[in-house]
Novice: 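Take a look at this one; I'll ask things after.
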2 protein chains.
Amino acid sequence: MNEARLLSLLEALRAKGRVTTARRALLESLSHSDRHRTAEDLADDVRAAFPAVHRATIYRSLEALTEMGLIEHTHLGHGPAVYHLAEGAHHHLVCEACGAVIEAPATVFEDLSRGLRLACGFEVTSRHFAVMGRCRTCAELAAARLTAGRSGG
Amino acid sequence: MNEARLLSLLEALRAKGRVTTARRALLESLSHSDRHRTAEDLADDVRAAFPAVHRATIYRSLEALTEMGLIEHTHLGHGPAVYHLAEGAHHHLVCEACGAVIEAPATVFEDLSRGLRLACGFEVTSRHFAVMGRCRTCAELAAARLTAGRSGG
DNA sequence: GTAAGTGCAAATGATTTGCAGATGT
DNA sequence: ACATCTGCAAATCATTTGCACTTAC
């Protein structure tokens, strides 16, 4: 979805390590969708174009790209880790009712960071973390159900 | 560390399900230390007293106690999930330098919850989540190192 | 040419599951 | 008595590792 970004990522990759099929394909896959993808998703994606790429290589490449600062990952609740390009801080609101993953407004988390620094000297470094809860739709649904239950006895 | 709490937990357990050796031992272990324990830690602990209790039973019991609302768990970064008694909201600040797990002041997270509700209608339900960063000590150390590096050329 | 990267298969760590038998209420 | 729990072993899911071979630079 962003050819220019992909090119600059490849440039950064070349500056910090070797450009290989697996790494190029991973960056391409990650820059073509702004979803949060699991290693398995990415493996499928890469293998569609290059069937020879092994799952282990996916994991090793993801680790390498992470060390180079090109990508990042988060642990959303139980399942596998999700990866995405390192494009500045953003945080995940995970709806436990419908599974939606919402990008949270940055400002709210800036306040959190400032609050923690003031309160206990803790410096937040993770630029990605997940908060579980209910999205607006599911929250309203739950509220409606409660009301119905109350009137129904 | 809190016999009264343990008794009330067992009472709550009896009200919602069966009181078994594994469940009792788990609650006892969890109420005797306020650490965050992995399932494996707890298994060791329980098996010290009751060697016959199987690992699978630990997981099933933890799941059951969670459904009853008596305990909760969080995923701290990579490793296994950590469990603790459900004693009101508290959040984890994990220092990625020294591994310390700090209990965060509740107020900061109340602000976060309110902010998310106002900004996008998201209702935070998880009463436990982890934020990665650097504790005061490690943050100061890192700052000092930066300063030293600058003067050192 | 050479170190870095890869394929493969097998190991690991955490957690889950099917089923037959034991146990709490 | 009867559903609920448990023990066991094996399955599963996500990820890692050792080693010989290949490739990017």
Side-chain angles (χ1 to χ4, degrees), chain A residues 9-29 36-68 70-84 130, chain B residues 9-29 36-68 70-84 130:
Chain A
L9 283 168
L10 289 173
E11 192 178 350
L13 171 54
R14 176 168 298 167
K16 301 189 177 192
R18 293 186 180 173
V19 180
T20 66
T21 305
R23 293 174 179 187
R24 194 203 318 273
L26 279 172
L27 288 179
E28 196 165 333
S29 174
H36 307 88
R37 336 265 321 260
T38 66
E40 212 63 19
D41 289 343
L42 290 165
D44 287 349
D45 219 347
V46 170
R47 296 181 76 155
F50 308 98
V53 175
H54 196 270
R55 208 182 263 88
T57 300
I58 298 292
Y59 281 102
R60 278 190 286 225
S61 300
L62 288 172
E63 193 185 353
L65 293 172
T66 301
E67 291 216 334
M68 294 175 199
L70 301 185
I71 68 173
E72 297 183 332
H73 68 275
T74 321
H75 295 267
L76 264 49
H78 291 215
V82 295
Y83 294 80
H84 41 66
Chain B
L9 282 168
L10 289 173
E11 192 176 352
L13 171 55
R14 177 168 297 167
K16 301 187 177 194
R18 290 186 182 172
V19 180
T20 67
T21 306
R23 293 173 180 189
R24 193 203 320 273
L26 279 172
L27 288 179
E28 196 164 332
S29 175
H36 308 88
R37 335 267 320 261
T38 66
E40 212 64 18
D41 289 343
L42 290 166
D44 286 349
D45 219 349
V46 170
R47 297 181 75 154
F50 308 98
V53 174
H54 196 271
R55 209 183 261 85
T57 301
I58 297 292
Y59 282 101
R60 279 190 284 226
S61 300
L62 287 172
E63 192 186 354
L65 292 172
T66 300
E67 291 216 335
M68 294 173 197
L70 302 184
I71 69 174
E72 298 182 333
H73 68 276
T74 322
H75 295 267
L76 264 47
H78 292 214
V82 295
Y83 296 80
H84 42 66

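All values below were derived from every heavy atom in this structure, side-chain atoms included, with hydrogens, water molecules and symmetry-related copies excluded. Reminder, nothing fancy here: chain letters follow the sequence lines and each chain counts from 1.
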Novice: Considering only heavy atoms and no angle criterion, is a donor-acceptor pair shorter than 3.5 Å present between the side chain of B/R60 and the base of D/dG7?
Specialist: yes

Novice: For DNA chain C, whose closest nucleotide is more 5', that of A/M68 or that of A/P51?
Specialist: A/M68

Novice: Looking at the base of D/dT4, is there any donor atom on it, or on the side chain of B/R18, that sits under 3.5 Å from an acceptor on the other one?
Specialist: yes

Novice: Take B/T74 and B/H84 through the side-chain contact (heavy atoms from CB on, under 4.5 Å) test and state the conclusion after the steps.
Specialist: CA-CA 9 Å; B/T74 322; B/H84 42 66; 3.8 Å; yes

Novice: With heavy atoms under 4.0 Å as the rule, sort B/T38 into base, sugar-phosphate or nothing.
Specialist: nothing

Novice: Does any N or O donor sit under 3.5 Å from an N or O acceptor when you compare the side chain of B/R23 with the base of C/dG24?
Specialist: no

Novice: Can you work out whether B/H75 or A/A22 has the more 5'-proximal nearest nucleotide on DNA chain C?
Specialist: A/A22

Novice: Has A/T20 got a side-chain N or O lying under 4.0 Å from the OP1 or OP2 atom of C/dT6?
Specialist: yes

Novice: Under 4.0 angstrom, heavy atoms only, what part of the nucleic acid is B/A64 near: base, sugar-phosphate, or nothing?
Specialist: nothing

Novice: Name the closest nucleotide to the B/R14 side chain, picking from C/dA9, D/dT6, C/dT25.
Specialist: C/dT25

Novice: Within the structure, does a side-chain N or O atom of A/Y59 lie under 4.0 Å from either OP1 or OP2 of D/dT15?
Specialist: yes

Novice: Looking only at side-chain atoms of A/P80, point me to the closest of D/dT15, C/dT15, C/dT25.
Specialist: D/dT15

